[in-house]
Amino acid sequence: MSGSTPFYQKHHRHYDRGYRSKELESAVSQYQSSSSSSYAARRSSSRASASAALSASSGLSSSYSDLEESRLSPMPKRAKPTYLAMDKENQIIGYVVPIFRGSHEYASGFSDTEEARVKESAGYMARRNLFTSGLEMERTEQTSRKVSMRESAERICLSKRIYENEEHHKRMNKDSLMHAPEFVIKPRSHTVWEKQCVRLHCTVSGWPEPRVVWYKNNVTIDPMAHPGKYKLESSYNVHSLEISRCDFDDTAQYRVSAMNSKGELSSFASIVVKRFKGEVEEALPMPRHGLISEYGITFDTHIVDGFGVSFGREGETMSLGATVIISPNLARYQPEVQWYRDDVLLQPSKWCHMHWSGDKATLTLTHLNKEDEGLYTLRITTKSKYETYSAYVFVRDADAEVEGAPGAPLDVKCQDANKDYVIVTWKQPAVDGGSSILGYFVDRCEVGTTHWSQCNDTPIKFARFPVTGLVEGRSYTFRVRAVNKSGMSRPSRVSEVVAAMDPADRARMRGTSAPWTGQIIVTEEEPAEGVVPGRPKELEVTEATKNYVVLSWKPPGERGHEGIMYYVEKCVSGTDSWQRVNTEIPVKSPRFALFDLAEGKAYSFRVRCCNSAGVGEPSEATEATTVGDKLDIPSAPGRVVPTRNTDTSVVVSWEASRDAKELVGYYIEASIVGSNKFEPCNNKPVKGTRFICHGLVTGESYVFRVKALNAAGLSECSQQSEAIEVKAAIASPTPPYGISVLECVRDSMVLAWKQPTFIGGADITGYFVDYREVINGVPGTWHEANVKAVSDRAYRVSDLKENRKYQFQVRAANMAGVGIPSLPSGTFVCEEWTIAVPGPPHDLQVTEVRANTLVLLYKPPVYQGRDPVNGFYIDIKEADAEEEAWRGVNEKAVLTNYMKIKSLKEGETYVFRVRAQNKAGVGKSSEPTEPVLAETKPGTTEIVVDVDDDGVISMNFACSNLTPDSKFVWSKNYEEITDDTRITVATSGEKSKATFNMPAEDDIGIYSCAVTHTDGACSSYTLSAEELKKLLELSHDHKFPIIPLKTELAVELQEKGRIRFWLQAEKISANGKIEYVFNDNSLSQGEKYKMNFNKDTGVIEMIMESLLPEDEGTFTFQLQDGKATNQSSLVLIGDVFKGLQKESAFMRKEWHRKQGPHFVEYLSYEVTPECCVILKCKVGNIKKETVALWYKDGREVKGDEKLTFTEGVLKLEIAQISKKDAGVYEIVLKDDRGQDTSTLNLTEQGFRDLMNEVFSNIANSSTALKIQSTDEGIRLYSFVSYYNEALQVTWHHKDAAIAFTDRIKSGVVGEQLWLQITEPTEKDKGKYAIEFHDGKGGLKRTVELSGQAFDDAYAEFQRLK
């Protein structure tokens, strides 16, 4: 575009003259070297021309509003381009220098000829008349190239000043520095050769500094997960990703994402890795001819333990996995593992993760949506061959946020994306919530934000919507919500990211670049005269609905070098009045959607192009288009035919909708017969006319119907199909296998074989055996051995010839017919066996498989040997172990035809075989069983032994996996019970009961129940003699039941002295009855007795207000509940009765006392550290009128008529207690409700105890003994906080009480207790102590009067003396 600035000038602040062209540098130098006189002339001429141009432009602008001018930008003859580089927020980020060329096109604008000026002016007037009518002006300009250069230089100088001023303000305002990430240099796509290294790099600006993350196919690149493969570097806003030794797996789309607090931005680049034709890995051998691997080895691939049909719900996580066995097993060899959904290859993304562990392939669907529904296929490819495994995944709708709301739409995609326009398409949900869907809302979210904005104000019914008003260069995601009368559905899964840009630019971004050539080629566009664009081409209506019409056209060929916009005009058919549609919205894309058209009216449309030079001529008008849905809803599908498939699935086929346009697919619904409630079988439309509906209930009958859908909506439902019962389709059985010989005589052989792996959904009715003779290794013709089918899996083939060789084959038959024959057996020689030991046992069956145990059944050998068989040995080994790994299970032979094998390892697979023995020894082992996995299958149940209320003993077995042909088979010691004299069997639905008629010792044994036509549902129960004894005792208890009691009858006292008799029954029904008995007399409800029976808790109680002498005796509660009874008694006589009666009376008295003012804590005393005695009590239930009176020895000492205490405590303080304070203290609390009294005896022992506590406080307050010299001798003394004359003190010298004399005296002065030693001598030395007596242990204070202490005291005494 003319005057456009390259990206490196727009975004680099280090712009300098190095970017200028040589022509520009020459022109500037000439301008600077011009003389001052010519400069002045040119300057005056420039001012004159500039003023003329200014007056002309002001005259033009007066005719138009600012809005119209900014939108259409009409410019005189030559537009004045801006030389400021602006960012998205219209902030100046740089400036540019125009490039001048001496081309003819440029010079023509400055022609000096009159003819050129007239043509120029006429062309300009013609263009300007498109914007203004009736304005006539002529404008001429005569400027030289040097004047234009000077004007440009002045403008550049002004722009630079503006830029510097803006930069200064930005630095002053810190918030202005913060802006979203921006790619200054984007990563470039590369095509490289294999084993080469490649580096992607980009430059990112933004503040705060953005965090940069690299992605490969939308999966984060982790260098630690691939050491040495990837290298990430970041330095000075330059970020790079280096990939070492590229291989084919590195061919992908790479994305770099920059994010900070202001937003997120991504850029894409592709890498294509190529290999030279014929190049082969050097470390591997050259390929050979034929089907071999790259290692020269043919690989056999087997997929085992695959995933089955799976069901999930939206929002859940699901994993699909399968174990892959590749042989031979080469270390570090990795096959190609691919996952497909509906035959479309899946790529790793945030929705699906793929993992290969060396022997197991796993696909994890991290967040299920209905888009994830479909047929999943695992494909394992080696150079030899490939193996596939498939199963269907169904995804149900998540619970609606609003009850009755429809399911979420699915498959949201963006099509026909352009600069400001994109078409969003989706598929309608299968679940409408019970009411028809009113329409859909489309939401959009700009990448880097979390804000969703709604694109349409009213719901649209068409499953396609054009979204306009996008910002060019920004990326968006979309989602869709459905709405019905109940509310809004959950949003769909978001679409893939789509960028609003020109399709050509998108193709260039997605395309791969050529290999690096080492050359950078820079091209520049020459500024050209503004050219009015031509007519748009090929205008057409691409889509028309009753909500909108979409127009599409191609840009004109003549449009100059600058971008163009479009204006769309409409005209009602039959008129000539054209109306511009998008006056307020500029259209940059050659697509446009028109809304708010009158439904049913016909319109014509045309488009004009415009740029800064003017508006071009309109395009050819379209034909009249009537507003309305052009795409019809498809017709209902035809006849629906269900066919049996498995016991949980049905194959549904139907006739396709006739004349359906743009058909998206079909939804299938199923309903249980009689329910009239249809549920969707698929939540993702299927395109065929056949579908397998899984997850049905075995044995139920279903009807089906089908709906077709396209973008216009869902069709009417088809007619309902005929009802079909869900059960496995019947087919002929697969061939038997494992043919072996059990016995051989001269003209006959006894054969055995194993049951087919698939019986065809019906019981096998019999087997047919064929044989043929083998002569010199050449097999002969097959002959039938039996015309009538045999039911056993063993048969004697007669009329054979001795010493001849034979082969055999077996076919199984059921009600569907006779299956194909088995593979021919090995060649057997018909010769008589003469060995002494028995032949092999046969017909081995494994049953009751659990995690650690199973039961093995077998039949004895047909050939007994010389003596009868007297026991069996069972051998076991792991399925994948060598033949030498066979080991015995039992050391001693068992006599039964069954054995329970224990101590198996859960999850291990085993095989078993059996050997028979007689007196001659142990015979040949049987054929091994098929591998058996030791595990407890989900839903496994066991036989439950039950004794009912009538004492009847029964064994019960339930199975939830029944088929219509399933039967419960009960056995004793693994032989079917056919005699009903001992046991009666009754079956109802999924449960079967075997009842013992008369349990006795004859019934001891192992009982088992097996369910036919299931996956081995069976269980056993061993009835031993001890177990039988327990069951008989339990049966007796049920016949004569007793109501169990949690507690026996007990008595307790309640508030007010009430007496409560109670017990609690452990289990009693609401129909239980209670009889209350006293001394064999029945009691009834009344004033004296209150009875209560809580049927929820089983608590039974009887309450009496008081006990009278006549209530002495035995109380009994008798219980009855149906046949069950019980009773409990309580004897209240003698001292027990009197004690309970006395305690009841006391509690009743206490209750009455507490109805008025009363003592909560009775009168007591407390001695303070100051030896003050406080009498105190705590009262309750007082009021304002309550008074308290204190008495000593019957005389009132204090009265409180108004009690103001807050804590309910009354106190009486005795400051210096003495003997005169001894006495009986009493306090009376009374008001109009009554009174209460509390007494404290402080006489004799009570007073002594009080004084001892006072003495103890005095002793504790005493100070340590100190020594003082006087003029008479030496004095020892101690101070107390308070002295009482009744305090007893003893002085000790050398641990002996001191006998006081005239020379040694003691006394008290105030609070000082002293001992005076007159005229001390050597005998007075030693340890002194004063002992305080408090009636308990007392307290001593000591001092040592000897040594230096004595000498110092004595010297002081001599001095004072």
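Side-chain atoms are counted along with the backbone in the values below, which use heavy atoms only and exclude waters and symmetry mates.
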Query raised in the report: Within a radius of less than 6.0 Å around CG of L1032, do more than 12 heavy atoms belonging to other residues, nucleotides or ligands occur?
Result: yes

Report task. Evaluate side chain to side chain contact (heavy atoms under 4.5 Å, CB included) for Y795 paired with Y767, printing each intermediate quantity in order. Result -> CA-CA 9 Å; Y795 180 71; Y767 298 92; over 6 Å; no

Query raised in the report: Counting heavy atoms not belonging to F758, are there more than 12 under 6.0 Å from its CZ?
Result: yes

Query - Ring geometry between H783 and Y771 (parallel below 30°, tilted from 30 to 60°, perpendicular above 60°) - result: tilted

Query - Pair D949 + K1039, salt bridge at N-O below 4.0 Å - result: no

Report task. Using distance alone, with no hydrogens and no angle criterion, decide if S992 and W970 have a side-chain donor and acceptor under 3.5 Å apart. Result -> yes

Query - OG1-CD distance between T648 and E700, expressed to the nearest 0.5 angstrom - result: 13.5 Å

Report summary line: dist I901:CD1 -> T853:OG1 (nearest 0.5 Å) comes out at 10.0 Å

Report task. Decide yes or no for K754 and R793: does some side-chain heavy atom of the first lie under 4.5 Å from some side-chain heavy atom of the second? Result -> no

Report task. Test side chain to side chain donor-acceptor pair (under 3.5 Å) on N870 and Q917 and set out the steps. Result -> CA-CA 6 Å; N870 58 14; Q917 78 166 8; 3.3 Å; yes

Report task. Anything under 30° is parallel, anything over 60° is perpendicular, the rest tilted; go ahead and classify Y898 against Y974. Result -> tilted

Requested in this report: Just jot down the ring pair (Phe, Tyr, Trp, His ring centres under 6.0 Å) partners of H355, sequence neighbours excluded, or say none.
Outcome: none

Query raised in the report: Do K859 and D843 meet the salt-bridge criterion of a basic N to acidic O distance under 4.0 Å?
Result: yes

Report task. Supply the atom-to-atom distance E832 CD to E743 CD, rounded to the nearest 0.5 angstrom. Result -> 9.0 Å

Requested in this report: Check step by step if side chain to side chain donor-acceptor pair (under 3.5 Å) holds for D763 and T765.
Outcome: CA-CA 6 Å; D763 290 333; T765 56; over 6 Å; no

Query raised in the report: Could you give the distance from NZ (K924) to CD1 (I835), rounded to the nearest 0.5 Å?
Result: 8.5 Å

Query raised in the report: Taking atom types as modelled and ignoring hydrogens, do the side chains of S649 and N645 form a donor-acceptor contact shorter than 3.5 angstrom?
Result: yes

Query - Electrostatic pair E878-R887, nearest N-O below 4.0 angstrom - result: yes

Report task. Return yes if some donor-acceptor pair links the side-chain N/O of D950 with the main-chain N/O of V952 below 3.5 Å, else return no. Result -> no

Indicate every side-chain donor-acceptor pair of residues 813-829 with a distance under 3.5 Å to a residue at least two apart or in another chain.
| residue | atom | partner | partner atom | Å |
| --- | --- | --- | --- | --- |
| N814 | OD1 | A816 | N | 2.9 |
| N814 | OD1 | G817 | N | 3.3 |
| N814 | ND2 | A731 | O | 2.8 |
| N814 | ND2 | I759 | O | 2.9 |
| S822 | OG | V810 | N | 3.0 |
| S822 | OG | V810 | O | 3.4 |
| S825 | OG | F808 | N | 2.9 |
| S825 | OG | F808 | O | 3.4 |
| T827 | OG1 | Q807 | NE2 | 3.3 |

